[in-house]
Amino acid sequence: MPQIELPDGHRVVLPEGEPIGSVLPPTTIVARFDGELVDLSFVPGRDGKGEPVTADEPDGLHVLRHSTAHVMAQAVCDLVPGAKYAIGPPIEDGFYYDFELPQPLTPDDLPRIEARMAEIGAADQPFVREELSRQQALERFADQPYKREIIEGLDEAEGAGADTVVVYRSGEWSDLCRGPHVPSTGRLGAFKLLKLAGAYWRGDESRPMLQRIYGTAWPTEPDLKAYLHRVEEAERRDHRKLGRQLDLFSFPEELGPGLAVWHQRGGIFRKQLEDYVRDLHLERGYDLVVTPHLARRVLWDTSGHTAKFIENMYPVMDDGQGSQYFVKPMNCPFHVLVYKSQVRSYRDLPMRLSELGTVYRYERAGVLHGLLRVRGMTQDDSHIICREDQLIDEILSVFDLTLDIHRTFGFEDPVVTLSTKPGQAIGEESMWARAIEALTKALNNSGLEYTVAEGEGAFYGPKVDFHFRDAIGRLWQLTTVQVDFALPERFDMEFVGEDNERHRPVMIHRAILGSLERFAGVLIEHYAGAFPLWLAPEQVRLVPVADRHVEHARELAEKLRAAGLRPFVDPSGETVGKKVRAAQLMKVPYTLVIGDREAETANLTVRDRSGTEAKDVALEAFVRALMEEAGTRSLEQSRFGD
RNA sequence: GCUGGCGUAGCUCAGUCGGUAGAGCAGCUGUCUUGUAAACAGCAGGUCGUCGGUUCGAUUCCGACCGCCAGCUCCA
């Protein structure tokens, strides 16, 4: 009879044939046996450590969601005769399941499916684990082509001993699954079906499009409520909505998809961002260059863009005189030409050419998303041209600059990935190997943790990407650092070395904010539109109490402007309450209410964004505090009064 | 690009089972002259995304296109 050691150190004897669940607490939904997740119905054949797992820990939640996905698929199959089910894994915050259905579902069908799921839950059907031979499994899923495809693929994937296929059955319905599952359909938590979407079978766009149902599942009803609340919070921060509310930018249909116009307020915000990064680059030893938006075809043929990137480029333009032009999707070839405008010495290196370069990429229609994915964008793009022995130091200094810049906005702890050679690539294998080696060494020297993304590199070289977490925990890919031996070769870039011989330099492509559009979109969501003072388009709103105070407000605004701030007077005849509300809705950092009292004392009454009011603030003190706050790019508002 | 959904005033939305449309906010005007998140009244504002088709008649039904949204695939 096996002995089970429980987490508290107790050893219990499990009678022969008894499941592990019989010695675990009733709230347990799955178990760990010697570290491995197993069903509660698992019968240990030997001594070992047994641990209860509840839905409150990550593994348990994972299983809960997986089981919920199964029950959803069971419900769909009950309701839709002829449904073919594909796969249904747990994902962050929930689960999905993919189906091929005779008739597509509509959002109205989701409540019906939820109701059926509830019935299955009430029936409390046990999840029964069955081990079938491959042949038995193929028969069981005779009318399920996707399951059969998976079973047929199992042998190759799992190697020897894969003649056994694990199937879980609940009621009459069964699914191919490695498990484990909760003990029965009555042990699901709180769930909700969220949306319908299309998804390619096995993520391959050459294969059939299936219908996917997304759902979310949590241990308890309050957990579900909290999650739905978090989703609402994210919607409240949507930069597309805030962009309109705050009058920052728009996407006029006449311009074409993915092409933004920045309004007056957005223009100031952009200028603040641009000045900050440009000045910082100059401080850090970068040079500025400026290049046009178009170039002849030959440039793109040389760089390899027409061969490897044409899908992402706007169609060619013909000037009618026999020349063809492309609008630029990248800045690199132009910077190469700046380099090549003279014979370069080893003394010139590293050369760091920097530009806020506006590029146009013909992104596929379905991927566009507000400012986060556009077709016209400005990159904070630099190309560092250096000797190979300078490469690692240069990469490290880029990492350093990256962390420095992002800290300014309150982004810390990046998630870093190293992306290797993709399918569509130029350059020899040895170049790729050296480039990857340099990036790897730099990463190791930097102490940054990273993961490897196979085949995700740019067509001309491998890259390191930095993803940063925003205020509500979402990750955004911003920075990219790419090492390129290929373009120097293609453009025959050279420098004269100490030995008076000609040598080939290496090039680093890097964008730290990424694109100003995406970065702006991320910042809007990160700050929920309430920008720190230095970025706020309008910094101070002056609200005259009555018409007779407008002139005094204007004089004060003039003083603030002269001091370098961005004030705005609201001269409308509305009530004070309404004008204050208007300022608050525009998320203006400071509102000054100007009435008789202020006219007499020459002091200010200051309201900050939190609604805190301070009376009798001296103008000089107010200006000093705001200049300090903006000058240090503080993320906190100044306090006045108490 | 693919799958599904959507497109009515500057914004947020109602509505028309086919007879050319309404509200709130914003805007403008007037009254009020206001003390920290919405004063009151009036006015103005829409070829109901575009183009075809069906119909005596289309914003409504059908089709194509354009755009947007969610997801897939792809990416700064």
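A quick note: this is a predicted structure, and the numbers were derived from the prediction, not measured. Each chain gets a letter, A, B and so on, in the order its sequence line appears, and its residues count up from 1.
B:U12 and B:U59 have their P atoms separated by 23 Å, with the value rounded to a whole Å. Nucleotides B:A76 and B:C61 have their C1' atoms positioned 44 Å apart, rounded to a whole Å. Using P as the reference atom, B:U54 and B:C17 are 23 Å apart when rounded to the nearest Å. Rounded to whole Å, the C1' atom of B:U60 lies 15 Å from the corresponding atom of B:A14. Separation of the C1' atoms belonging to B:C40 and B:C48 is 32 Å when rounded to the nearest angstrom. Between the P atoms of B:U20 and B:A38, the separation comes to 41 Å (whole Å). For the C1' atoms, the distance from B:C69 to B:G49 is 15 Å, rounded to whole Å. The separation of B:A39 from B:U33, taken at their P atoms, amounts to 15 Å, rounded to a whole angstrom.
If you check every strand for non-hydrogen atoms under 4.0 Å, A:Asp596 touches a base. Counting any heavy atom pair closer than 4.0 Å across all strands shown, A:Gly203 reaches sugar-phosphate atoms only and no base atom. At the heavy-atom level, A:Gln477 lies under 4.0 Å from the strands shown only through sugar-phosphate atoms. Contacts of A:Thr605 with the nucleic acid, taken as non-hydrogen atoms under 4.0 Å apart, include base atoms. Within the 4.0 angstrom heavy-atom criterion, no nucleotide atom of any strand lies near A:Tyr96. Among the heavy atoms of the strands lying under 4.0 Å from A:Gly573 is at least one base atom, whether or not backbone atoms are also near. Counting any heavy atom pair closer than 4.0 Å across all strands shown, A:Lys615 reaches no nucleic acid atom. Among the atoms of the strands shown, only primed sugar atoms or phosphate atoms (P, OP1, OP2) are found under 4.0 Å from some heavy atom of A:Gly514. Across all strands, A:Glu517 comes closer than 4.0 Å to no nucleic acid atom at all (heavy-atom distances). At a threshold of 4.0 angstrom between heavy atoms, the contacts of A:Leu585 include nucleobase atoms, whether or not backbone atoms are also involved. A:Val359 comes within 4.0 angstrom of nothing in the nucleic acid, heavy atoms only. When heavy atoms are screened at a 4.0 angstrom cut-off, A:Ala365 is found touching base atoms of the nucleic acid. Within 4.0 Å of A:Glu598, counting heavy atoms only, lies at least one base atom of the nucleic acid. Among the protein residues, A:Gly595 comes within range of the nucleic acid bases, having at least one heavy atom under 4.0 Å from a base atom.
Listed by chain and residue number, A:Glu233 satisfy the salt bridge (Lys or Arg N to Asp or Glu O under 4.0 Å) test with A:Arg237 (two or more places apart in sequence, or in another chain). Remark: A:Arg352 engages A:Glu394 in a salt bridge (Lys or Arg N to Asp or Glu O under 4.0 Å) (not counting sequence neighbours). Shown here are the side-chain hydrogen bond (donor to acceptor under 3.5 Å, both in side chains) partners of A:His335, two or more places apart in sequence or in another chain: A:Glu355, A:His383. Partners of A:Gln584 by side-chain hydrogen bond (donor to acceptor under 3.5 Å, both in side chains), not counting sequence neighbours, listed by chain and number: A:Arg607. Residues satisfying the salt bridge (Lys or Arg N to Asp or Glu O under 4.0 Å) test with A:Arg548, not counting sequence neighbours, are A:Asp596. Qualifying salt bridge (Lys or Arg N to Asp or Glu O under 4.0 Å) partners for A:Glu205, counting only residues two or more places apart in sequence or in other chains: A:Arg364. Not a single side-chain hydrogen bond (donor to acceptor under 3.5 Å, both in side chains) links A:Tyr360 to another residue, sequence neighbours left out.
The aromatic rings of A:Phe622 and A:Phe640 are tilted relative to each other, their planes meeting at an angle between 30° and 60°. Classified by interplanar angle (parallel below 30°, tilted 30° to 60°, perpendicular above 60°), the ring pair A:Phe411/A:Phe409 is tilted. Ring pair A:His239/A:His369 is tilted by interplanar angle, where 30° to 60° counts as tilted.
Chain A approaches RNA chain B within less than 4.0 angstrom (heavy atoms of the protein), and the contacting nucleotides run 5' to 3' from B:G1 to B:A76.
Checking A:Asp204 against A:His369, the closest nucleotide of RNA chain B that is more toward the 5' end is the one next to A:His369. Sequence order on RNA chain B of the closest nucleotides to A:Leu105 and A:Glu205 puts A:Leu105 first from the 5' end.
For residues 85-101 of chain A, the set of pairs meeting the salt bridge (Lys or Arg N to Asp or Glu O under 4.0 Å) definition, not counting sequence neighbours, comprises A:Asp93-A:Arg230, A:Asp98-A:Arg212. Residue pairs meeting the side-chain hydrogen bond (donor to acceptor under 3.5 Å, both in side chains) criterion with at least one partner in residues 251-264 of chain A, sequence neighbours excluded, are A:Ser250-A:His263.
Residues from residues 539-557 of chain A that place a heavy atom under 4.0 Å from any atom of RNA chain B, listed by number: A:Val545, A:Ala546, A:Asp547, A:Arg548.
Checked against a 6.0 Å centroid threshold, the rings of A:Tyr85 and A:Tyr146 do not count as neighbours.
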Kindly express the pairing pattern of RNA chain B in dot-bracket notation, using | wherever a base pairs with another strand and counting only Watson-Crick or G-U pairs under 3.5 Å.
(((((((..((((.....[..)))).(((((.......))))).....(((((..]....))))))))))))....
